[in-house]
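Below, read A as the first sequence line, B as the second, and so on, with proteins coming before strands; counting in each chain starts at 1. Side chains are part of it too, since the values below use all heavy atoms of this structure and drop only hydrogens, waters and symmetry mates.
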Number of protein chains: 2
Amino acid sequence: MNNLHSQTLPCVLQLALCDYRAIDLAKAKRVQKWQRDPEGMRLRILEAAKQEFAAHGLAGARVDRIAANAGANKRMLYYHVGNKEDLYLAVLEGAYEKIRSEERGLDLEHLDPPEAIERLIDFTWNYFLRNPEFLALLNTENLAKARHLKRSTKVKSMHSPFVEMIRTVVTRGVESGDFRVAVDPVQLYISIAALCFFYLSNSATLSVIFGRDLLKKEARDERLAHMVALVLAALTGKSTADFGKAVGQDVRPPAHQPV
Amino acid sequence: MNNLHSQTLPCVLQLALCDYRAIDLAKAKRVQKWQRDPEGMRLRILEAAKQEFAAHGLAGARVDRIAANAGANKRMLYYHVGNKEDLYLAVLEGAYEKIRSEERGLDLEHLDPPEAIERLIDFTWNYFLRNPEFLALLNTENLAKARHLKRSTKVKSMHSPFVEMIRTVVTRGVESGDFRVAVDPVQLYISIAALCFFYLSNSATLSVIFGRDLLKKEARDERLAHMVALVLAALTGKSTADFGKAVGQDVRPPAHQPV
DNA sequence: CCAGTATTTATCCAACGGGTTAATTTCCTC
DNA sequence: GAGGAAATTAACCCGTTGGATAAATACTGG
């Protein structure tokens with residue numbers, strides 16, 4: 001049933017017909033069956049593994065599918081990375097590395113405190129939108145009670161710069177009078193992540209429950225506006241226009257949509 | 001390796017030694033090997049399945065383990081419920097039924113709007129704390145892109161009463177002047193769920209990242225206070241004392257804990 | 001151009017795991 | 001108390017799957 005034909009194909013076929021030089025040199029006999037490319041192979045394996053683990057979880061992931069989608073022989077996985085769990089941990093570490101790296105690129109120091117918070121929410125939201133596999137991987141890892149993460153000194157040493165960024169921004173905001181209250185930066189960090197993460201990670205079930213597509217453009221825009229308004233209203237004490245659709249105006253039917 | 005010895009034991013052993021009546025009646029020969037109990041059996045199967053799916057996800061769950069933990073023969077699962085996916089869907093539907101039932105028991109109509117919101121957050125938080133399997137099941141279902149939920153007319157007809165509750169509470173709050181702004185009840189519902197869900201569902205990885213136990217009593221209390229303060233501050237415009245530890249006071253070391 | 005090493009392919013397999021078949025036992029009812 | 005349906009057990013089936021082995025092929029340094 002499962003067609004893994006690609007596993008039987010060499011990863012990079014050099015088409016003999018195109019090998020003009022070889023023909024010119026009258027050494028056409030030798031047709032290379034594959035090229036060496038250890039770095040590229042490793043990258044393709046990790047990318048395929050990321051997709052597979054994100055789509056099916058750790059237990060549901062299939063080593064054969066990873067190999068097939070990486071255009072590699074299954075043996076390559078074990079040669080270049082290790083067994084299934086090693087592969088999974090490598091993917092997880094890569095995912096953390098990537099977000100940490102992008103986080104570092106965000107410069108909030110020179111912005112107004114409220115603007116800085118908005119940028120923070122905007123970044124988090126869009127990063128999650130752009131990297132849905134990251135959400136899935138985190139859920140998978142939490143299902144495993146962070147068993148793998150605990151063993152990874154690599155990830156544990158990768159601190160998010162956001163907590164410190166938030167700390168200074170909130171301090172500045174309180175001093176400037178933009179913010180009314182001092183908030184624990186860790187709690188605020190978790191809350192912002194939560195508002196974005198839950199909506200996107202659970203969009204499938206929520207969409208069924210509410211009977212509408214929460215991932216379509218308008219819904220996403222509405223959500224982002226709501227989150228920014230919620231957090232900024234709490235911090236500044238001033239309410240913005242975009243807090244969410246008014247309760248009174250009956251944009252949607254009074255009860256849930258009939259399904 | 002995997003010791004499934006319990007599967008070979010009858011689910012309810014009547015100890016012959018204790019069967020005094022049978023001995024008295026001189027019919028001691030007949031020793032019952034098991035009792036009939038279809039309803040009880042079905043319940044034990046579903047409970048064991050819930051734990052198994054919550055702990056390992058759909059793909060990681062093992063039918064043999066479910067049977068063993070239910071004190072049942074594997075064949076019983078198929079006899080009483082169906083195959084693995086049927087079993088999973090039954091568990092999922094049961095989980096939604098349970099939370100919807102408890103939600104209906106929450107009466108917010110007669111409370112002050114701010115107090116009603118606090119009760120709502122408090123309930124959501126404690127329900128998730130008391131039912132960690134529910135969180136895991138939702139994550140599993142979202143990994144499957146809500147494939148099973150979509151087929152369940154049962155769940156789709158179980159509307160949460162919370163959205164309507166929030167709508168009326170917010171309306172009342174705006175009229176009474178307690179709340180400054182009208183919020184979309186669906187967005188607020190999702191936000192409250194998000195603040196609670198993410199923290200608990202991701203507590204394993206977050207605890208590793210931050211190098212401290214986010215599930216211990218003090219951390220949980222701090223989190224609940226923060227969430228209530230955040231949402232109420234946004235709605236009422238007034239800040240409460242419990243918004244979170246002040247930024248200035250150095251309760252924890254300036255950087256992350258060394259691990 | 002040759003030897004040795006790095007990389008890739010082609011098979012193989014033993015354990016696992018979901019599901020099934022058939023026989024056995026209990027309990028209800030007439 | 002006998003007959004039969006319902007509930008339960010025991011044993012088996014067979015495709016899947018992670019992983020291993022060994023052979024083949026490409027590259028590199030001498």
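Along DNA chain C, the nucleotide nearest B:R36 and the nucleotide nearest B:A61 are compared for position; the residue whose nucleotide lies closer to the 5' end is B:A61. When each of A:H80 and B:A59 is assigned the nucleotide of DNA chain C with its nearest heavy atom, A:H80 is the one assigned upstream, toward the 5' end.
For A:R62, counting side-chain heavy atoms from C-beta on, the closest listed nucleotide (D:dG18, C:dT26, C:dT9) is D:dG18. Closest to the side chain of B:K33, out of C:dT25, D:dC27, D:dT17, is C:dT25. In the set D:dG19, C:dG18, D:dT8, the nucleotide with an atom closest to the side chain of B:K74 is C:dG18. Comparing C:dG18, D:dA7, D:dC27 by their closest approach to the side chain of B:P38 singles out D:dA7. The side chain of B:Y78 lies closest to C:dG19 when the candidates are C:dG19, C:dT26, D:dA26. Comparing D:dT9, C:dT8, D:dG18 by their closest approach to the side chain of B:M76 singles out D:dT9.
Remark: C1' of D:dG19 and CD1 of A:I66 are 13 Å apart, rounded to the nearest angstrom. Summarising the geometry, the separation between CE on B:M41 and C1' on D:dT8 is reported as 7 Å, rounded to the nearest angstrom. In this structure, CG of B:L77 is placed 11 Å from P of D:dT9, rounded to the nearest angstrom. B:H56 places its NE2 atom 11 Å from the P atom of C:dG17, with the value rounded to the nearest Å. B:Y79 has its OH atom 16 Å from the P atom of C:dT26, to the nearest Å. The CZ atom of A:R65 sits 15 Å away from the P atom of D:dG19 (whole-angstrom rounding). Across the protein-nucleic acid pair, B:W34 atom CH2 and C:dT24 atom P stand 13 Å apart, rounded to whole Å. The CG atom of A:D37 sits 13 Å away from the C1' atom of D:dA26 (whole-angstrom rounding).
By the 4.5 Å heavy-atom criterion applied to side chains, A:L149 and A:Y96 are counted as neighbours.
For B:R100 and B:E103, the salt-bridge test passes: some basic side-chain N is under 4.0 Å from an acidic carboxylate O.
With hydrogens and angles ignored, no donor-acceptor pair closer than 3.5 Å exists between the side chain of B:K84 and the base of C:dG19. Contact annotation: side chain of B:R75 to base of C:dT21, donor-acceptor pair present below 3.5 Å.
The minimum heavy-atom distance between B:Y199 and B:L214, with the atom names listed, is OH-O, 2.8 Å.
Using bins of under 30°, 30° to 60° and over 60° for the plane-to-plane angle, the ring pair A:Y88/A:H148 lands in the perpendicular bin.
Under the side-chain hydrogen bond (donor to acceptor under 3.5 Å, both in side chains) criterion, the residue pairs touching residues 47-60 of chain A are A:E47-A:Q51, A:E52-A:R65, with sequence neighbours excluded.
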